[in-house]
Amino acid sequence: MAGSNGTRLALGILLCCALASTVIITRPCTYTLSRTILAATGLNPLLIYCAKDGSEARLSQGDDANEPGGGGRPIVTDVLSCGDSKLPPHALPPFQCCPQTPASDTRVTNFTFPDPAEPLRRRRPAHDASAAEDMAKYERAVALMKALPESDPRSFYQQSRIHCAYCTGAYRQAGSPELPVQIHFSWLFFPFHRAYVYFFERVAAKLLGDPGFTVPFWSWDVPEGMRIPPAFADEASPLYDPIRNPRHAPPRVVDLDYSHADKNYTDEQHIQLNLRTMYKQMITNAPLPSLFHGQPYRAGDRQRPGVGTVEQRPHNTLHVWTGDISQPNHENMGTYYSAARDPIFYLHHPNSDRLWMVWLELDLDLDDDSDRPRHSDFTDPDWLDSSFLFYDEDARLVRVTVRDMLDMGRLRYTYAEVDMPWLKARPLVTPRGTGPPHRLKSVSVRFPVWLDAAVTAQVRRTGKPRSQQEEEVLVVEGIEAYSADFVKFDVYMNAVDHEKVGPGGREVAGSFVSLKHPGGGGELAVQTSMRVALNELLQDLGAEGDDSVTVTLVPVEGRVRIGGLKIVYMTE
């Protein structure tokens with residue numbers, strides 16, 4: 001036995017030396033070493049990580065480049081690094097999240113764009129009569145995917161596991177096996193889900209034998225689409241999921257500000273609140289890439305650095321609104337690990353993807369005289385070179401980078417235009433609801449503080465003149481929440497009496513929304529931050545010249561602790 005161990009160790013050392021000196025791989029993580037060889041050597045495959053310049057892979061030498069502030073590297077997942085998922089208590093089976101394990105000699109291929117001669121595929125809103133044929137095809141595609149063997153990476157079962165693996169810590173960061181990969185609450189949210197829907201759509205098109213097929217989108221941001229599409233309520237349809245909130249079946253109007261308690265609103269009141277929520281999240285609070293997308297997340301960083309506006313609301317709130325709150329973790333849609341088990345997931349996320357496109361084009365639509373900076377995506381190579389793994393329509397394992405997902409034209413799809421009345425839904429100031437700091441009640445607050453009741457504190461502004469390209473931002477630091485909780489709290493600005501301000505009032509600067517996360521109920525496992533843009537808000541509240549602002553944090557649901565408040569100036 002000792003001789004066997006010695007031989008194994010010697011082989012591992014020889015292979016390690018050979019790799020360090022000779023192995024050059026044409027692109028990150030396109031491995032030529034088989035799983036069998038790695039297993040025989042006893043080497044940890046997680047030691048192999050992708051080079052930032054995309055030209056070679058090498059063994060980690062234990063340097064500090066993966067540490068926050070150490071220069072950073074892109075987030076990379078390795079086909080060999082998917083392991084046990086961290087599921088919430090009382091999770092519903094199946095419990096395995098990792099996608100189908102490839103054969104030992106399977107190569108990871110690099111993403112290639114579709115033929116530019118392909119017709120441009122147009123995704124259409126599910127509520128529109130023009131999308132009736134698309135909905136019928138989608139229903140058939142889901143039936144075909146569900147009929148495939150569960151071991152087929154194109155099956156509906158395997159497709160749902162992709163999302164689960166990327167949000168439950170099943171994948172580990174290549175080069176940092178102690179750190180999980182989490183594609184929510186950071187700048188990875190939009191590009192990951194764009195890639196996810198892209199491959200799902202192409203799998204469906206191949207099974208249908210219709211290369212022009214597109215998934216429709218659930219346009220919950222416009223009044224005509226603010227209901228679950230009727231096809232999903234047909235119990236005889238493969239689109240039906242019995243694990244949904246039965247009270248929210250069509251024709252119930254969605255609530256983009258939902259927090260488990262249904263508001264006693266008319267349909268028109270719900271629609272107006274939804275439009276104001278959309279305005280806040282797409283315009284007021286999203287002037288900069290890191291506010292819209294979420295905070296930077298690099299190799300070596302702790303997960304969930306900070307959530308973007310649309311991911312928080314309406315994306316998270318719609319997940320919870322759709323899921324079944326009678327289930328232990330609000331399955332299916334209401335929690336990350338099971339959300340993709342519901343066929344409506346694949347119509348929910350194209351609308352979020354469409355809003356990314358809309359956000360980039362908003363400068364042309366607002367038609368106002370403001371000095372807003374033009375919207376643009378990040379140019380940071382750590383974002384552009386972050387990568388994910390998917391199976392394509394031919395069941396090939398493909399590595400796709402963020403930069404691969406930035407040009408919808410090259411991906412050969414686009415979205416049909418829909419009216420966006422939320423562009424004109426700028427929230428109104430509550431009459432007699434706002435006042436200068438000396439009129440507002442505040443107490444001395446010693447952070448960190450548990451948010452068991454409303455907390456009001458004055459936050460001093462920097463006092464320096466703000467340039468036209470700077471955004472003044474309130475940072476809610478050190479947010480810690482129990483993983484087993486759905487958490488929501490509202491942030492009010494200069495509110496004389498927050499209880500008299502309606503959910504759509506201008507004084508509601510923003511809302512923090514977090515779904516239940518994987519982990520034990522006794523863990524403060526959610527550690528993150530929140531940012532609220534202030535330029536437009538201060539203008540509407542008449543507070544641009546004040547030395548400070550009064551911030552009121554109001555708990556809505558869940559246990560949460562706040563580390564502090566501060567105001568910073570940001571440019572990007």
Side-chain angles (χ1 to χ4, degrees), residues 25-30 46-79 81 108 110-111 166-167 169 171-196 286 288-311 353 356 359-360 373 375-390 398-407 471 473 475 527-529 531 568 570-572:
I25 299 173
T26 57
R27 201 172 166 198
C29 299
T30 307
L46 299 181
L47 289 175
I48 301 176
Y49 69 89
C50 297
K52 180 178 177 180
D53 63 5
S55 63
E56 63 181 57
R58 59 187 175 88
L59 291 182
S60 172
Q61 301 300 316
D63 56 42
D64 62 357
N66 276 356
E67 295 299 320
R73 291 194 187 97
I75 295 286
V76 173
T77 43
D78 176 5
V79 65
S81 73
V108 180
N110 296 315
F111 176 78
Y166 272 103
C167 62
Y171 274 120
R172 317 301 287 183
Q173 293 184 25
S176 299
E178 76 282 3
L179 295 175
V181 173
Q182 171 60 260
I183 46 79
H184 297 95
F185 275 61
S186 79
W187 65 4
L188 296 184
F189 170 78
F190 278 106
F192 170 84
H193 288 91
R194 172 171 288 181
Y196 192 2
L288 301 175
S290 64
L291 299 178
F292 176 75
H293 280 280
Q295 294 302 298
Y297 177 38
R298 299 179 171 87
D301 288 352
R302 189 174 61 188
Q303 60 183 323
R304 307 185 194 102
V307 65
T309 56
V310 169
E311 181 185 355
D353 180 60
W356 179 8
W359 179 76
L360 287 170
H375 292 167
S376 62
D377 288 326
F378 299 103
T379 58
D380 191 321
D382 288 343
W383 185 64
L384 296 171
D385 294 332
S386 289
S387 64
F388 321 104
L389 296 170
F390 295 93
V398 177
R399 179 171 298 282
V400 58
T401 65
V402 169
R403 70 170 74 244
D404 292 331
M405 290 290 109
L406 299 185
D407 188 340
E471 183 71 28
V473 176
V475 182
Q527 299 176 341
T528 187
S529 62
R531 286 158 179 79
V568 299
M570 295 178 60
T571 57
E572 292 175 350

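Numbering of residues begins at 1 and proceeds along the displayed sequence. Computation of the quantities below employed the complete heavy-atom set of this structure, encompassing side-chain atoms and omitting hydrogens, waters and symmetry-equivalent molecules. Keep in mind that this is a model prediction, so the values were computed, not measured.
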Next on the checklist: Assess the residue pair Thr528 and Val307 against the criterion (side chain to side chain contact (heavy atoms under 4.5 Å, CB included)); give the C-alpha distance rounded to whole Å, side-chain angles, the decisive distance to 0.1 Å, and a yes or no.
Outcome noted: CA-CA 8 Å; Thr528 187; Val307 65; 5.5 Å; no
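- The ring-ring contact (aromatic ring centres under 6.0 Å, His included) check on Phe190 picks up Phe292, His293, Trp356, with sequence neighbours excluded.
- Using cut-offs of 30° and 60° on the angle between ring planes, the pair Trp383 and Trp187 is tilted.
- Of the listed residues (Glu572, Glu471, Arg531), just one forms a side chain to side chain donor-acceptor pair (under 3.5 Å) with Ser290, and that residue is Glu572.
- Pairing each heavy atom of Ser376 with each of Pro289, the nearest pair is O-CG, 3.0 Å.
- At a threshold of 4.5 Å between non-hydrogen side-chain atoms, the residues Asp385 and Arg403 count as touching.
- Residues Phe388 and Val402 form a side-chain contact, since some pair of their non-hydrogen atoms from C-beta on lies under 4.5 Å apart.
- The shortest distance between side-chain heavy atoms of Val181 and Tyr166 falls below 4.5 Å.
- In this structure, a donor-acceptor pair under 3.5 Å is present between the side chains of Arg399 and Ser387.
- The two atoms that bring Ala195 and Phe390 nearest to each other are CB-CE1, 3.6 Å, heavy atoms only.
- In this structure, Gln182 and Cys167 have side chains that are in contact, with non-hydrogen atoms separated by less than 4.5 Å.
- In this view, Arg194 and Asp353 satisfy the salt bridge (charged side-chain N to carboxylate O under 4.0 Å, His left out) rule, not counting sequence neighbours.
- Between atom CD of residue Gln173 and atom OG1 of residue Thr77 there is a gap of 10.0 Å, rounded to the nearest 0.5 Å.
- Between Leu406 and Leu384 there is a side-chain heavy-atom pair separated by less than 4.5 Å.
- Between Pro296 and Asp380 the shortest side-chain heavy-atom distance does not fall below 4.5 Å.
- For the pair His184 and His193, the minimum side-chain heavy-atom distance is below 4.5 Å.
- Here the side chains of Ile183 and Tyr196 are not in contact, with every heavy-atom distance at 4.5 Å or above.
- Residue Met405 comes nearest to Phe111 through the heavy atom pair CE-CZ, 4.0 Å, listed as atom of the first residue, atom of the second, then distance.
- Although no hydrogens or angles enter the test, the distance criterion places a donor-acceptor pair under 3.5 Å between the side chain of Glu311 and the main chain of Phe185.
- Rounding to the nearest 0.5 Å gives a distance of 12.0 Å between CZ of Arg73 and CG of Asp301.
- A distance of 9.0 Å separates CD1 of Ile75 from CG of Asp382, quoted to the nearest 0.5 Å.
- A distance-only check finds a donor-acceptor pair linking the side chain of Ser529 to the backbone of Pro305 [under 3.5 Å].
- Here the side chain of Ser176 pairs no donor or acceptor atom with the backbone of Arg172 at under 3.5 angstrom.
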